[in-house]
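Here is the naming used below: chain letters follow the sequence lines, and residue numbers restart at 1 for every chain. Since we're looking at a predicted model, the values are computed, not measured.
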2 protein chains.
Amino acid sequence: MKNIVLFAADGAMASQLTGIIDFFMICNRFWQVTNNQDTDLFTVNVISPNGNNITCDGGIVINATSLKNVALPSAAVIVGGVSYDDKTLTKYLTKISPLKQDILKCEKNAVPIATFCSSTFIAAEFGLLNGKKATTVWWLVKIFTQKYPQVTLQLDELVVRDKAIFTAGATTSYLSLCLKLVEELFDGQLADQISRLMLIDPNRCSQRPFMLLDLPERHHDDLIKKIQQWMIQNLSQPISLDLLADKFATTKRTLIRRFKKVLNDTPMNYLQKIRVESAKRLLECSGLSLEQIVLKVGYEDVSSFRKLFVELVELTPREYRERFQQSINANIIEG
Amino acid sequence: MKNIVLFAADGAMASQLTGIIDFFMICNRFWQVTNNQDTDLFTVNVISPNGNNITCDGGIVINATSLKNVALPSAAVIVGGVSYDDKTLTKYLTKISPLKQDILKCEKNAVPIATFCSSTFIAAEFGLLNGKKATTVWWLVKIFTQKYPQVTLQLDELVVRDKAIFTAGATTSYLSLCLKLVEELFDGQLADQISRLMLIDPNRCSQRPFMLLDLPERHHDDLIKKIQQWMIQNLSQPISLDLLADKFATTKRTLIRRFKKVLNDTPMNYLQKIRVESAKRLLECSGLSLEQIVLKVGYEDVSSFRKLFVELVELTPREYRERFQQSINANIIEG
DNA sequence: AGATTAAGTGTCATTATTGACTTAAAACAG
DNA sequence: CTGTTTTAAGTCAATAATGACACTTAATCT
């Protein structure tokens, strides 16, 4: 029997804890029913800093214990708190830090350790991710890269594995993470069956399409889709038609023709739209200076970018940044 | 401020309750952060039969109250229990039935009512779905149609709406359901932002691809994909090459060529594989007689189907059922 | 058994897509 | 402002996909 331990502290998100607990409970039930057995495949134990019960954000109380009271873990999941920014992250980090020794002990014993959403910060803070590949939730990426430059973020995967460390993306990705653990600790067939039972898309692989941009052009040209994805992921470097044609094993002429066909736009013009959209997003969601943003989305010159921005958005970047929240206000209050 | 009430009873699945609670809490936080406000958009109240706290399956206790103690609901969600078969369904139904009057009151007051997974049974039992369109979790479909023939199941949607009744599919579909409620009660823009934040695929629309078959051929031919999908959904009727060519505005020759290219198979041969796969699934998961199954997957003649089945599966249908119903989900569907 | 039907193959003219080349227009640097 | 570079568009030959049609094969019906 596999023992899964969940490391968590007061302020954890209840649905993430119960979600994981229920996930493995469903695995057990399914296994029992399909194999006519009574034994459980998995046990789940919640481990809290002092071994006392955990009061989740929202007040729900979850039974917890100490690591020394449970069987040797087969896998450990660190469950994060409700974290939106540096402050709330730090607060939860303080609460969970008494568990650092326990977590490091797991690592030393080669117990697979999994994190998702904001709990990846905890793993990074404890040094588990140094020199490793990982992913985290897209809206905390900026803080993450600032704090933990030694970690290689790989945002285009929903679940990233590096040796015995599994990391996953935003809130609901714990389901994919659990599937991965079932596959790892048990077998792929059960994982497959559970994914059908619970309706978890096993092919969901990237957070990236979610985090971006209001450019939802629906079309069926696979090549162009790939190029769009690639553009978004490589904005900061210079992109030329020749480069694209080379990279995707085609010709400039074909690129232009097919972009026009499915997006009714030329490749470079579309790229520009992506750059401006990305800049808008960064203006909305990040504290980066305009210059940093301009560099990030692949321009060298702030002033020419500003001109372009004004032309397309009809606001200066500064105005846009100021207005964004106001305009959302307006929309929502009307609704 | 919108008040969401969750109707639940002892034995509810904790992660579903907390999942919905946290979902709307995240909406609130997100709204507050992006708008610099203190007010909540949503409150969530759990309503139990006697107003006492609810002990979920697994022992977690959730605060609950009575309907009379809370503000007029803007929407109601019925949360189901951990239900695998008729027996567990009935057990939970008994526990939640004292809430019937409250739920009917909501309906009378035109409060939108939402159900998902097994809780759709509760709505059906209370008569809320008579003559309406609905969906439920795919592995309880058989029991559902037996018990509630007055309800039109629409399984190819993940969330189905008919007037003020929303129904959704399996376990994790409550996220899509919540998104729909946000859109309904508030606005689509917030729903869109939350879907990105929580990484809920807003385009996930059908349970159907999940419930089926071990035929995961990956290719990039959109037309053939559509045809595969359509085949699966229309197995019971006779399908000919001419029909397909006509329906998908192409020619027989092209169909054959493209099937061969991406699936390395001819259209009719592939269709046969689907039919046999579906029959296998029905043998595993349903109590239907072989004759019923044979009809359902589109054959007229049992004996020729049996011959075919033996040839491809190397077991007679009966042997197959014995072998796999035992080891796969005997009790789940038959109860 | 022989006729009938539908699926699949072979072939070829038609059409659509591509790549090479050229030209025009725009963007950029000095 | 001018010369240079890059992108986009026009043209046409080469290539690939398609549709029409004739034909083979396998299964079905009488």
Quick one: which residue pairs count as a salt bridge (charged side-chain N to carboxylate O under 4.0 Å, His left out) with a foot in residues 257-269 of chain B, not counting sequence neighbours? B/D221-B/R258, B/D265-B/K273
Nearest to the side chain of B/S240 - D/dA8, C/dA7, D/dA20? C/dA7
For B/D221 and D/dT18, give me the distance from atom CG to atom C1', rounded to whole Å. 13 Å
note: B/I239, atom CD1; C/dA6, atom C1'; distance rounded to Å ~ 15 Å
When rounded to whole Å, the CZ to P distance for the pair A/R258 and C/dT17 reads 10 Å
Between CG of B/D242 and C1' of C/dT5 the distance, given in whole Å, is 11 Å
Starting from the 5' end of DNA chain C, give me the residue, A/R253 or B/T266, whose nearest nucleotide shows up first. B/T266
Regarding the side chain of B/T251, the nearest nucleotide among D/dA17, D/dA20, C/dA7 is D/dA20
Looking at CZ of B/R161 and OG1 of B/T167, how far apart are the two atoms once the value is rounded to the nearest 0.5 Å? 11.5 Å
Whichever of A/M268 and B/S304 has the more 5' nearest nucleotide on DNA chain D, that residue is A/M268
Enclosure of B/E300 CD (heavy-atom neighbours >12, cutoff 6.0 Å): no
B/K252 near the nucleic acid: base, sugar-phosphate alone, or nothing, with a heavy-atom cut-off under 4.0 Å? nothing
Could you state the CD-P distance from B/E311 to D/dA27, rounded to the nearest angstrom? 9 Å
In whole Å, I'd like the distance from the CZ atom of A/R257 to the P atom of C/dC21. 14 Å
Whether B/T250 contacts D/dG19 is assessed here as follows: a side-chain N or O lying under 4.0 Å from the phosphate OP1 or OP2. Is that the case? yes
Yes or no on salt bridge (charged side-chain N to carboxylate O under 4.0 Å, His left out) for B/E277 and B/K280, after CA distance, side-chain angles and deciding distance? CA-CA 5 Å; B/E277 271 307 304; B/K280 279 162 72 176; 3.0 Å; yes
B/L243 CG to C/dA6 C1', straight-line distance once rounded to whole Å: 13 Å
Identify which nucleotide among C/dG8, D/dG19, C/dT17 has an atom closest to any side-chain atom of A/K261, counting heavy atoms from C-beta outward. C/dT17
Once you measure the plane-to-plane angle for B/F309 and B/Y320, does it fall in the parallel (<30°), tilted (30-60°) or perpendicular (>60°) bin? perpendicular
Taking the side chain of B/P267 as its heavy atoms from C-beta onward, which of C/dG8, D/dA20, D/dA8 lies nearest to it? C/dG8
With heavy atoms under 4.0 Å as the rule, sort A/I256 into base, sugar-phosphate or nothing. base
Within this structure, what is the NZ-to-P distance between B/K260 and D/dA17, rounded to whole angstrom? 17 Å
